Amino acid sequence: MTKKLLLIDGNSLAFRAFYAMYNQLDRMISHKGLHTNALVAFNNFLDQIVDPMQPDLAVVAWDAGSGKTTFRGELFSEYKDGRSKAPSEFTEQFPYLREMVALHGLRNYEQPGLEADDIIGTFSRMGEQAGYNVIIVTGDQDLTQLATDNITVNVTKKGVTEIEAFTPDYIMEKFELTPSQIIEKKALTGDTSDNYPGVTKIGEKTALKLLKTYHDIDNLYRHIDDMKPSKMKENLISDQASAFRARQLATILTDATLDLPLEELEYRGIDYDKLVPFYENIDFKKQLAKIKASQKSGQLVSHNQSTERPLSVVTLNENNLRAIAMMVDKVAVHIEMSGSNYHTADMIGFVIGNPATGYYASRDMSLLQKPELRAVIENGDIKKNVFNVKAQLILFKRLGLTLKGAQFDFLLVAYLLDTTDNDNEMSTLAQRFDVYLTEDEEIYGKGAKYAVPDDEELVLMHLAHKADALIQLEMPALSALQSHQQTHLYTEIELPLAHVLAEMEYQGFKIDRKRLQVIGEDLEARIHTIEEAIYLEAGEKFNLNSPKQLGILLFEKMGLPIIKKTKTGYSTAVDVLEKLASQAPIVEHILQYRQLAKIKSTYVEGLLAVVHTEDSKIHTRFLQTLTQTGRLSSVDPNLQNIPMRTEEGRQIRRAFVPSQPNWQIFGADYSQIELRVLAHITGDQNMQRAFLNGEDIHAETARAVFGLDNNAPVDPLMRRTAKAVNFGIVYGISDYGLSNNLGISRAEAKRFIETYFKEFPQIHEWMTKIKAQAHEQGYVETIAKRRRYLPEIKSKNFNLRSFAERTAMNSPIQGSAADIIKIAMIKVADALKDNQLQANILLQVHDELIFEAPEDEIETLRDIVTRVMDSAVALDVPMQVDSHYGNTWYDAK
DNA sequence: TGGCTCACG
DNA sequence: ACGTACGTGAGCCAA
């Protein structure tokens, strides 16, 4: 096989790397304050392109100095003038880039008087002559001039890991030029980024045309006199010197004298012993994880096996089940499934064990039915370490087992410690504690390529490593929790809540399929009629669901005024269409179509698709470890956004029915929970008084803001305005946002806010304080010590910083409200049990709980639920809970 | 896959 | 000057 010589254009790739991850600049900072975005991207390049290539010789060429000190600078004094200086965030990464290159086994090379291009050009010719297959990688298309049959020039497309390979054939196909003509073209056009001119008024197009006729500029100028008179001819003549100079500047040297012989470019491969501490120093956790995980599975030859404890896995079967009985103290337990929906997913296998007894795993799920295993799983005295207790509870339930004694859920703990960068993957989260696991994706693949490998040993070993990680992680994770003062939040709120949620999800919400189908048919007819009307008004058929096509129709063909633009074109959002409705009847019809089509596709068809056929129920999943504020979210399907505001949409709720005859749906909701929380945590006396007096809070706010007397009547517009201001306050107010929402000027909005803060001074004080706190300690907290980190509050970027400031104000409020309802849910669940009620909790929708219960239990249920929710947490203001019930969710109003 | 739109609190 | 209200999930389109 032909030997490979790899030549890398260090400066241009580093530059690309820096900008490929520019949007991450503020996030990628090591503990020592070094920006690492270019390092991360460059490392990806080394990992994905260089390491797999295994070249025989390799070098990364760097520019020495500015370019001024090269022959080009002497030739043309303005060469590369006007280039803005590289930002310090970039240059500070340079020394590390070079070290990283070296540790990956590549030579770094630079030579005074030469640019990186010239080093590459010269090495490429030397390599070609020595019979190497030469591979150049650069971010600069000018290097394509070096391509020959033995030299391929790879230019990065986007980022640094996607490349376009330029061979002479490909260059011909793409530009209709030979590699050497790339230089001729430059001679004519010049180069704005390197700041040298070619011939006046000649650009890409004209240059190509001329080169087609004359091939190169020597030939062109030989025949210049034959050219018929034109402005272009004059320019060519007057700029002749400039053209030849440009050609010289554009030509990459291939015959420079280098101080380094080719033989010394030997590629040495990765030096893991040194790369690990290097990565540690710059906080490359992901890279470290990769190295450690592959060392573990023996994929790497390394001299250093570090602190890895030897791990073996025993394949469990009928004959060695007795070993399970040794597990008396604490075990890690894990059922592996394919996919994320534990209600329906296939179970791939399970593992159980601890370091003392060893780890036992199998792909045969039926073994879990054996008494030896059941005795351990269902014994609450044997403490369990798990990952995602809610998922495990439901998986075991599906197998007819009750998982008891789950005390350490690494997913929950990791989420409470830090909500950011949580992808709900054990391997990623474990990295935070320097525990390294092979990623699931590496074992199973992802997307269409997902498959459980035939190699059973591989799967069972992966499971054993997970179990072992759950044991290793317990101590450091729980002590971190302790240091955050979050032990109570974990043991008294999130962990018990997971059990309540598991019950709710497993129970499911019964669906009247027939009702959904009828609603669907009705909608179908109405949508059809509206569609016809729209096509008639438009004078053509088009895809109504395409904002692009709709935009073209409304704003180009019909000439309606453009109210707002999006990144990609015209905005056709509701607020825009509402402004246009008076100008063309079609707009009103489009709004109607949108509304009905949404109901039909998302709620009728979407819900029908996820009703379980066996029990005619919907089993949503509440994600407990996702939101940044502590709220739950709901997926597959989302039952927290079932329509409510329009009558058409609300009809969907008629399909949500009790699971048994003569039962009812019952709902209880907190009134104004976020404003009550605000009054509590800010300690604002005026707002607290309003709640203590049981006032209509928005009316009371209106009186304050508009300077009305106590008990003076409040007109609806004033109340509406005050309500919007209250909302704005909770969201972390800005005059811009409020003015937008109310359709008033920014100045007016600003006055409202100022008056509001004057009337509720302690709210103002708190807003100032919480922002300062976020800045100083880097995070904000809720009443239950739930934490949200806000690193961007220190950002230089106004937008990012402002966003973090609003978040600093909103998160404690939204998050404390979430704490309260979570506590209430646990207490309600306990109360239902204590009172031996048959009622089931079905849903939580942020400030309300939905139940089903026998008709004759409703009264008791209402008493208990209202009382428990009211008193769940004692604030400085009273809580108010409203409740409703009826035959369907729709009727519980 | 990202962008837009729209459903909820 | 900058140019956004806070927190979510899903369907659809256009690459």
Side-chain angles (χ1 to χ4, degrees), chain A residues 419 447 542-551 564-577 590-591 593-607 609-610 620-623 626-646 648-650 652-653 669-674 677-678 724-742 746 749 753 780 788 790 795-815 817-818 821 843-850:
Chain A
T419 56
F542 64 102
N543 187 344
L544 259 167
N545 291 322
S546 161
K548 193 176 168 193
Q549 294 183 31
L550 180 62
K564 200 166 72 179
K565 282 201 156 195
T566 67
K567 268 188 217 172
T568 50
Y570 315 109
S571 170
T572 65
V574 193
D575 54 324
V576 172
L577 295 189
I590 290 163
L591 284 166
Y593 170 88
R594 283 249 180 100
Q595 201 211 339
L596 301 182
K598 171 86 175 182
I599 298 169
K600 181 159 180 277
S601 78
T602 304
Y603 297 105
V604 176
E605 286 155 9
L607 290 178
V610 290
T620 184
R621 280 152 47 222
F622 289 105
L623 306 186
L626 180 135
T627 69
Q628 302 303 303
T629 55
R631 274 188 175 183
L632 301 175
S633 82
S634 158
V635 293
D636 286 345
N638 182 357
L639 291 187
Q640 291 181 319
N641 72 346
I642 302 301
M644 161 80 178
R645 291 168 191 170
T646 69
E648 320 274 352
R650 202 169 185 165
I652 295 292
R653 295 180 175 221
D669 64 280
Y670 281 112
S671 162
Q672 308 293 357
I673 188 169
E674 293 195 344
V677 166
L678 177 73
V725 180
N726 274 329
F727 264 90
I729 293 290
V730 169
Y731 291 158
I733 199 141
S734 74
D735 50 11
Y736 182 88
L738 183 66
S739 72
N740 239 354
N741 186 279
L742 280 175
R746 251 176 93 170
I753 295 166
V780 291
R788 178 169 188 179
L790 298 167
S795 171
K796 286 182 201 156
N797 178 316
F798 174 88
N799 280 329
L800 292 178
R801 192 177 62 249
S802 305
F803 182 67
E805 286 173 354
R806 291 196 297 276
T807 311
M809 299 184 268
N810 172 263
S811 289
I813 302 170
Q814 192 184 109
I821 194 163
L843 297 179
Q844 186 251 50
V845 193
H846 310 308
D847 64 357
E848 64 175 326
L849 298 177
I850 312 295

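Computed from a predicted model, the values in this text were never measured in an experiment. Below, chains carry the letters A, B, ... as their sequence lines are ordered, and counting in each starts from 1.
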- Item | Watson-Crick and G-U pairing of DNA chain C written in dot-bracket, each distance under 3.5 angstrom, with | for inter-strand partners | .....|||||||||.
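- Both thresholds, 5.5 Å between centres and 30° between ring planes, are met by Tyr731(A) relative to the base of dC6(C), so the two rings are stacked.
- Proximity of Arg631(A) to the phosphate of dC6(C): no side-chain N or O atom is located under 4.0 Å from OP1 or OP2.
- With a heavy-atom cut-off of 4.0 Å to chain A, the contacted part of DNA chain B has its first and last nucleotide at dG3(B) to dG9(B).
- At a threshold of 4.0 angstrom between heavy atoms, the contacts of Leu626(A) are confined to the sugar-phosphate backbone, with no base atom among them.
- Within residues 596-607 of chain A, the residues having any heavy atom under 4.0 Å from DNA chain B are, by residue number, Lys598(A), Tyr603(A).
- Taking only side-chain nitrogens and oxygens, Asn543(A) comes nearer than 4.0 Å to OP1 or OP2 of dC13(C).
- At a cut-off of 3.5 angstrom, counting only N and O atoms as typed in the model, there is a donor on one side and an acceptor on the other between the side-chain of Ser734(A) and the base of dT4(C).
- For the OP1/OP2 pair of dG7(C) and a distance below 4.0 Å, the side-chain nitrogens and oxygens of Ser811(A) include no atom meeting the criterion.
- The separation between Ile590(A) atom CD1 and dC12(C) atom C1' is 16 Å, rounded to whole Å.
- The phosphate of dC6(C) (OP1 or OP2) has no side-chain N or O of Gln628(A) nearer than 4.0 angstrom.
- Protein atom CG of Leu738(A) is 14 Å distant from nucleotide atom C1' of dC6(C), rounded to whole Å.
- Contact annotation: Ser633(A) side-chain N/O to dG9(C) OP1/OP2 distance is under 4.0 Å.
- Using a 4.0 Å heavy-atom criterion, one finds that Asp636(A) contacts the sugar-phosphate atoms exclusively.
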